[in-house]
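To start, the structure under review is shown below, and the notes come after it.
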Amino acid sequence: RVTSIADRLNVEFALIHKERKKANEVDRMVLVGDVKDRVAILVDDMADTCGTICHAADKLVSAGATKVYAILTHGIFSGPAISRINNASFEAVVVTNTIPQEEKMKHCPKIQFIDISMILAEAIRRTHNGESVSYLFSHVPL
């Protein structure tokens, strides 16, 4: 997936390989690739307590990244998440609005959201009418 995204954006990439002992507990994290003097964008499906993503941001800064952003599909942000994001080296943490974020944003100015209601509505409409949902991968409704 990382290679596909990087190819489509015509950018180089690095990745962070993580090994978990159990849920919400990372045993080991290894950076593969060069981020020195570059802007790094962490991409993940969701963040709950944000321990992993904040640890990843620290690893990127330690490796020489000039700025770190995160983009997440689902920002759960439970427990110490907001405090961790506020204390982390993120420029911004961007999430979709699959979960309401207004209250979290009041306590964390780094959190921003992208409204995906139109694309979800179109996916539901297409499913209901038996139309292609994969069409949306290259034709996003505005």
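Nothing fancy with the numbering, it's 1 onward along the sequence.
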**Request:** Apply side chain to side chain donor-acceptor pair (under 3.5 Å) to S138 and list each qualifying residue two or more places apart in sequence or on a separate chain.
**Result:** none
**Complete:** Rounded to the nearest 0.5 angstrom, the OG1-CG distance for T73 and D45 is 6.0 Å
**Heavy-atom side-chain contact between I82 and I111 under 4.5 Å** = yes
**Asked** When rounded to the nearest 0.5 angstrom, what is the spacing between CZ in F90 and CD1 in I85?
**Response** 7.0 Å
**Asked** Would you say L42 and I16 make side-chain contact, with heavy atoms under 4.5 Å?
**Response** yes
**Asked** Are the side chains of V93 and I53 in touch, meaning some heavy atoms are under 4.5 Å apart?
**Response** no
**Complete:** Hits for side-chain contact (heavy atoms from CB on, under 4.5 Å) against I114, two or more places apart or cross-chain, chain-then-number order -> I71, V94, I116
**Asked** Looking at CG of L9 and CD1 of I41, how far apart are the two atoms once the value is rounded to the nearest 0.5 Å?
**Response** 8.0 Å
**Prompt:** Does R28 have any side chain to side chain donor-acceptor pair (under 3.5 Å) partners at least two apart in sequence or in another chain, and if so, which?
**Reply:** E19
**Prompt:** Tell me, do P109 and N86 make a side-chain contact under 4.5 Å, heavy atoms counted?
**Reply:** yes
**Item:** Test side chain to side chain donor-acceptor pair (under 3.5 Å) applied to S78 - qualifying residues, sequence neighbours left out
**Value:** D48
**Item:** Contacts of type side chain to side chain donor-acceptor pair (under 3.5 Å), residue S132, not counting sequence neighbours
**Value:** S134
**Complete:** For residues 119-142, the ring-ring contact (aromatic ring centres under 6.0 Å, His included) pairs (sequence neighbours left out) are Y135-H139
**Prompt:** Mind checking what makes salt bridge (Lys or Arg N to Asp or Glu O under 4.0 Å) contact with E91, not counting sequence neighbours?
**Reply:** none
**side-chain contact (heavy atoms from CB on, under 4.5 Å) partners for N10, two or more places apart** = none
Side-chain donor-acceptor pairs of residues 101-108 under 3.5 Å, sequence neighbours excluded:
{"from": "Q101", "atom 1": "NE2", "to": "G75", "atom 2": "O", "distance (Å)": "2.7"}
{"from": "Q101", "atom 1": "NE2", "to": "I99", "atom 2": "O", "distance (Å)": "3.3"}
{"from": "E103", "atom 1": "OE2", "to": "K106", "atom 2": "NZ", "distance (Å)": "2.8"}
{"from": "K104", "atom 1": "NZ", "to": "F77", "atom 2": "O", "distance (Å)": "2.9"}

**Fill in**
Contacts of H55 meeting side-chain contact (heavy atoms from CB on, under 4.5 Å) (sequence neighbours excluded), chain-then-number -> M29
**Asked** Partners of M118 by side-chain contact (heavy atoms from CB on, under 4.5 Å), sequence neighbours excluded?
**Response** none
Return all side-chain donor-acceptor pairs below 3.5 angstrom for residues 59-67, not counting sequence neighbours, or 'none' if the list is empty.
{"from": "S62", "atom 1": "OG", "to": "D58", "atom 2": "O", "distance (Å)": "3.0"}
{"from": "T66", "atom 1": "OG1", "to": "R38", "atom 2": "O", "distance (Å)": "3.2"}

